[in-house]
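Data block below; observations after.
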Amino acid sequence: MPNFSWTIDGTIIGLYLLVTMAAGLWLRKRVRRVEDFLVAGREMNLHLGIASLAATEFGVITCMYAAQSGYTQGFAGAFPGLCQAVAMWVIGATGFCVTRLRDSGAMTLPELFEKRFGKLVRWLSGVVIVMGGLLNMGVFLKIGGQFLCFVTGMDTSYLVLIMTLLLVLVAVYTVLGGMLSVLVTDFLQFVVMSAGLLVVTVMILWQIGWQKLVETVQVHHGDGGFLPLSNPGMGWSFVVMQILMGAAATLTWQTVISRLLAAKDSSTGRKVFTRTSFFFVCRWMIPGLWGIAALAIVGWRPLDDLKESERVALPAAVVQKVSESPVGRPLEKLSPEEVASVPASTQSKLNDASLNAMPKFLSGFLPIGLMGLLIAAMLAADMSTDASYMLSWGSVIYNDILAPFRRRPWSDAKAILWNRFIIALIGVYLFVFGLMYEVQGNVWSYLALTGSIYLSSMSVLLIACCYWRRANNWGALCSIVLGALVPVLHLTCEKVPALAHFVAHVTKDHAGIAAFAASALGMVAGSLLKPGSATPAQASV
Amino acid sequence: MNAPSDTHWFWLALIVAVVVWYSTITLWVASRGALDIRTMVRRLDEENDRREGGG
């Protein structure tokens, strides 16, 4: 029975929502220019930048997939956070690419690419960025709703209602205030979110104890729960993919670089990177620890997620094998015939058991009052992420994809109106996609693969744009097409039953690494093959 | 049951570092971020006044 009180916890949540909405709407009248709307007039200072970047990069989705990694892979599941923290610190300290990007005065990456590779590359980069970004964030709303249903003990039939409410609240202040509202609400959300995360973590360490957490990981995962290379679900391909992803996400993930581009200068932007870098360890370690605590207290009981009628409908042999399955892989011991005998909706619930373990554990672990703080913290995390993501992808659609259709510069009023309209459309997409799409397997792997649709080619383009004098538009086009083709093919094959066996042995990590390799190869081959490429035609940015 | 891996000390050190660093940065950013917002709003107002005044 969840420890949720509508009077006490509901009041805490209501107060939080009231203050956030008021802060979000407070700045809407100060949005006069499109630059105010998209990059807050480039007036963001260091502390606001740290709060905003941290709040944006920690959503309920982050909490859920990092907890799932902790639950299914132990401490080793936090490895991606270490990779990104190191990548962000090194890039911030050296200014690799990011100094040139900020100094260029561009509002988005494709805008920078136009200066070097021409209009077509700008447009195509915009399309790839938006495609990867929207596929990536398409699952945010549903998973946020799932979390709230589980911790409050509400029936999942309320999922659509919760998704709608979350979306409307976020869309209102993002549409009206743009980046200015996002920055201010991010600041409030960072404070609330951090308080909730820290209190719950300290309580878990205090009440469950370090020794029990370590023993749980050892019993369920062995040494692989501590060392990524010893973990059968990770290995070299996972490690390589995380290193590539960490570096590429820091360089090109639109929500990350939009903080760099909103900074008042490149020095401030670099400081935001170096001083936020360790947060990326926190964003994996804290929920990862919650996931391990869920395994220690609740254990691995995937059949508990089924209704009584669904459980009795399963053959006895299937029930036996599922209950003895390894953590996070409920269908692994079943034969193909047995898998086929399990209804799709039941399979989906069993597969989601590892994802839902953490919120179910917290719903019984936290006392009344702290539950309100946790939900306010998670709402803060979710709203800041959704708002920033909607604004970031919206800015690329407006700035780069619609650019060829603007023969004359638009007035600021018209530009802001279009940006608002685009953000509202993204909101509708989020809602529809969230209801329709079912993630197969590990959520983090899905996010990494959809992100690699553009992370691979955009990071290659950015590095080549800044440092390789022979890079040209042929190379850029080959890089974009090849970098996007590999993950899109993989995702398509996975969803089409007739093609699924082609990718059965290709993990999402393999596909992601192949995307980076194909993209780099495309850049080198295309650039060298273009007639006259022996003489560098244009200087680096 | 096997003895817990020796590497668990690394993870213990990391979680302690996470809690200490995160608490510190939250307090620091909470106190200084509010000033940043005030400065940002003032600059935007000045910029808007200047633009409107200049035509």
Side-chain angles (χ1 to χ4, degrees), chain A residues 23 26-27 30-33 36 40-41 43-52 54 74-76 78 81-82 180 183-184 186-188 190-191 193-195 197-198 201-202 205 210-211 213-215 217-219 222-227 230 264 275-276 278-279 281-282 284-286 288-289, chain B:
Chain A
W26 167 51
L27 284 172
R30 288 183 168 84
V31 177
R32 307 276 174 88
R33 299 168 299 155
D36 298 337
E43 294 289 357
M44 186 194 78
N45 222 321
L46 177 64
H47 309 94
L48 196 52
I50 293 172
S52 179
F75 292 104
L82 292 171
L180 281 173
L183 283 180
V184 175
D186 276 358
F187 169 71
L188 288 173
F190 172 78
V191 175
M193 173 186 97
S194 303
L197 291 178
L198 283 164
T201 304
V202 169
L205 287 169
W210 180 251
Q211 195 58 33
L213 296 171
V214 169
E215 282 171 10
V217 172
Q218 187 68 39
V219 167
D223 284 350
F226 301 90
L227 300 163
S230 305
K264 63 177 184 177
R275 296 187 191 181
T276 317
F278 194 70
F279 178 77
V281 177
C282 305
W284 280 86
M285 275 303 286
I286 287 178
L289 195 81
Chain B
M1 191 193 84
N2 297 326
S5 165
D6 289 341
T7 55
H8 80 90
W9 294 110
F10 168 76
W11 296 107
L12 177 60
L14 200 59
I15 195 72
V16 170
V18 161
V19 172
V20 171
W21 180 87
Y22 197 15
S23 314
T24 312
I25 202 93
T26 301
L27 292 175
W28 181 59
V29 167
S31 59
R32 306 290 292 272
L35 290 175
D36 279 5
I37 292 175
R38 214 168 62 182
T39 310
M40 182 178 78
V41 171
R42 200 185 61 229
R43 280 195 201 152
L44 281 169
D45 286 344
E46 284 169 3
E47 176 69 16
N48 285 334
D49 289 347
R50 193 185 58 76
R51 284 165 59 84
E52 279 164 13

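Only the side chain of A:F187 comes within less than 4.5 Å of a heavy atom in chain B; its backbone stays farther off. Looking at A:L213, neither its backbone nor its side chain comes within 4.5 Å of chain B, counting heavy atoms on both sides. A:T201 touches chain B through its side chain: at least one heavy atom from C-beta onward sits under 4.5 Å away, while N, CA, C and O do not. For A:I50, the part lying under 4.5 angstrom from a heavy atom of chain B is the side chain only.
With rounding to the nearest 0.5 angstrom, the CD1 atom of B:I37 is 6.5 Å from the CG atom of A:L188. Here the straight-line distance linking atom CG of B:L12 with atom CH2 of A:W210 works out to 5.0 Å at 0.5 Å rounding. To the nearest 0.5 Å, atoms NE2 (B:H8) and CD (A:E215) are separated by 9.5 Å. One distance of note links CG of A:L205 with CD1 of B:I15; it measures 6.0 Å at 0.5 Å rounding. A:F190 contributes atom CZ, which lies 6.5 Å from atom CD1 of B:I25 (distance to the nearest 0.5 angstrom).
Among B:V19, B:T39, B:L35, B:D45, the residue with the largest count of heavy-atom pairs under 4.5 Å with chain A is B:D45.
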What donor-acceptor contacts under 3.5 angstrom involve side-chain atoms of residues 26-33 of chain B, with partners at least two apart or in another chain?
| residue | atom | partner | partner atom | Å |
| --- | --- | --- | --- | --- |
| B:T26 | OG1 | B:Y22 | O | 2.6 |
| B:S31 | OG | B:L27 | O | 3.2 |
| B:S31 | OG | B:W28 | O | 2.9 |

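Nearest heavy atoms, B:V18 versus A:C282: CG1-SG, 3.8 Å. In plain terms, the two heavy atoms of A:L48 and B:M40 that are nearest each other are CD2-SD, 3.9 Å.
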**Request:** Apply side chain to side chain contact (heavy atoms under 4.5 Å, CB included) to the pair B:W11 and A:V217, showing each step before the final yes or no.
**Result:** CA-CA 12 Å; B:W11 296 107; A:V217 172; over 6 Å; no

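B:W9 is not listed as a side-chain neighbour of A:F226, based on a closest heavy-atom distance of 4.5 Å or more.
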